[in-house]
Amino acid sequence: MIEVKSLYKSFEDKEVLKDINSVFENGKTNLIIGQSGSGKTVLMKCIVGLFRPTGGEVLYDGRDLVTMNKQEWKMLRREMGMIFQSAALFDSMTVLENVMFPLDMFSRDNYADRVKRARFCLDRVNLLEAQQKYPDEISGGMQKRVAIARAIALNPKYLFCDEPNSGLDPKTSLVIDELIHDITVEFNMTTIINTHDMNSVMGIGENILYIYEGRKEWQGSKDQIMSSTNERLNSFIFASDLFRKVKEANK
Amino acid sequence: MLLTKSVATFGRYLMLMRRTFSRPERMRMFFKQYIKEMSQQGVDSIGIVLLISFFIGAVICIQIKLNIESPWMPKFVTGYTTREIMLLEFSSSIMCLILAGKVGSNIASEIGTMRVTQQIDALEIMGVNSANYLILPKVLGMMTMMPVLVCFSIFSGFVGAYATAVIGHIITIDDLTLGLQHEFNEWYVWMGFIKSVFFAFVITSVSAFYGYTVEGGSVEVGKASTNSVVSSSVLILFSDVLLTQLLS
Ligand SMILES: Nc1ncnc2c1ncn2[C@@H]1O[C@H](COP(=O)(O)OP(=O)(O)OP(=O)(O)O)[C@@H](O)[C@H]1O
Ligand SMILES: [Mg+2]
């Protein structure tokens, strides 16, 4: 479980995040949604510790990230996996080497066990046959899946995804979403996903946090989102014709 | 304004170097990278070093023999001057200047690309000290290989000089050999090695710094690569003056 308490973040004199409070539970897919530029990426970077918040607390199962010492911080990072918007695979390594990298770096297992674990993760994302290819030889959707395999290699307790299906077609997005959801449930992880894809929201949104200009505007599940009366949320979600029609049909 | 900016940049450079020079997380991974960098930056540069040094050695020999030598100069002057120029300046300093273009731009664009495609962030999230993992093998690898490259350069320069004797017949082989062996001072070779190791550090660390601190997209990577070559070249020239004075 990750808890965010009155989190503030500003760059020079520009306040990007203002007083964010939220709880992200484990075994659930937590979504952060909001317009482009609303501060989703900044919030996620504050949570994972790539940015230092200007104020507030980020609690990982009670452990505060901001006041943590170096050793605790180091241990915590081994429990985190992250999938970046651009997949961020190491392009000088093959797919298998990419997945093996965190194991090579931190695992005490011998070589055979490490290969076995990497193969298991690749198999979990259905990419075992591409293991000897380089990242630029596989499609964007496959790269994302490799990134997922790499992120779960060390059995993380916390999984972060920054726009996991940007630049993918709806069908592939669905595959990625379901994969992330299944893995979250299977390994009981705390998963936080940044997205502005409404299909993901309706598909896997178990806990949705809507950010508007750096403030928390609304929080709830995908079942509540349809009946919400929040003006700003509605204008965000029903910006698309399709969803407006769905809503009208539901009435 | 410019002064405070330079001091700030130098400070950030020192902070990056402090992160770079720490004990690697996994020695096994470090040695793997170290060997890879030695081959990529060092071994792959042998060709260009041999080529350039061969022609420079030949040209120096021709210039001195045909344009400078006069009847009242002893016969060994040509070989002697060729040797001293190669040992003292060309093979250690000018060669490093040329390699700053090749190796420096390569390192800056490689690390810069990793920065803008978030590969460095990915390393940090995993808990890897990215500066240490990426930069240290490059710096140490190049510092190991540079003296070897200097050896190749000196050797190739002499071969070039002999080529003018054998092919061009502008000087007899005996005169050239006499000159190359005249009053040889071993310290000059060591001086070349010391300078080149220092320059190797300058080239790799400065260009890694430029690549590591890229912000933005591919345009910035290009700029960083250019800046790294310019800065490391200027630094090499400056420190060349100081080191030469210091070591002579
Ligand atoms: N390193 C930074 N320095 C200064 N300002 C920044 C920095 N990173 C982000 N910002 C600002 O913070 C605001 C929020 O940016 P952020 O990247 O979080 O948006 P986002 O919600 O992720 O948008 P998108 O959906 O397009 O990815 C933007 O106005 C941006 O200019
Ligand atoms: Mg974003």
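Side chains are part of it too, since the values below use all heavy atoms of this structure and drop only hydrogens, waters and symmetry mates. Throughout, protein chains are lettered first and strands after them, A, B, ... in sequence-line order, and every chain is numbered starting at 1. This one's a predicted model, so the numbers in the text were calculated from it and none came from an experiment.
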Report, as yes or no, whether the 6.0 Å neighbourhood of atom [atom1] on [X] holds more than 12 heavy atoms from other residues, nucleotides or ligands.
X: Trp73(A); atom1: CH2; result: yes
X: Tyr111(A); atom1: OH; result: no
X: Phe152(B); atom1: CZ; result: no
X: Arg28(B); atom1: CZ; result: yes
X: Phe55(B); atom1: CZ; result: no
X: Met15(B); atom1: CE; result: no
X: Glu215(B); atom1: CD; result: no

Considering only heavy atoms from C-beta outward, does the side chain of [X] approach that of [Y] to under 4.5 Å?
X: Phe84(A); Y: Ile125(B); answer: yes
X: Arg26(B); Y: Asp104(A); answer: no
X: Gln119(B); Y: Asp91(A); answer: yes

Between atom [atom1] of [X] and atom [atom2] of [Y], what is the distance when rounded to the nearest 0.5 Å?
X: Gln85(A); Y: Asp121(B); atom1: CD; atom2: CG; value: 12.0 Å
X: Lys36(B); Y: Ser92(A); atom1: NZ; atom2: OG; value: 4.5 Å
X: Leu103(A); Y: Met126(B); atom1: CG; atom2: CE; value: 9.5 Å

Taking all heavy atoms of Ala88(A) and all of Gln118(B), pick out the closest pair and write down the distance.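 That would be CB-O, 3.6 Å.
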
Mind checking which of residues 181-197 of chain A sit less than 4.5 Å from chain B, heavy atom to heavy atom?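 Near chain B, by residue number: none.
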
Is Leu154(A) close to chain B through its backbone or its side chain, or both, or neither, when contacts mean heavy atoms under 4.5 Å? neither

In terms of heavy-atom proximity below 4.5 Å to chain B, should Phe160(A) be classed as side chain, backbone, both, or neither? neither

Under the salt bridge (Lys or Arg N to Asp or Glu O under 4.0 Å) test, which residues partner Lys74(A), sequence neighbours left out?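 Scan of Lys74(A) (salt bridge (Lys or Arg N to Asp or Glu O under 4.0 Å), adjacent residues dropped) gives Glu25(B).
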
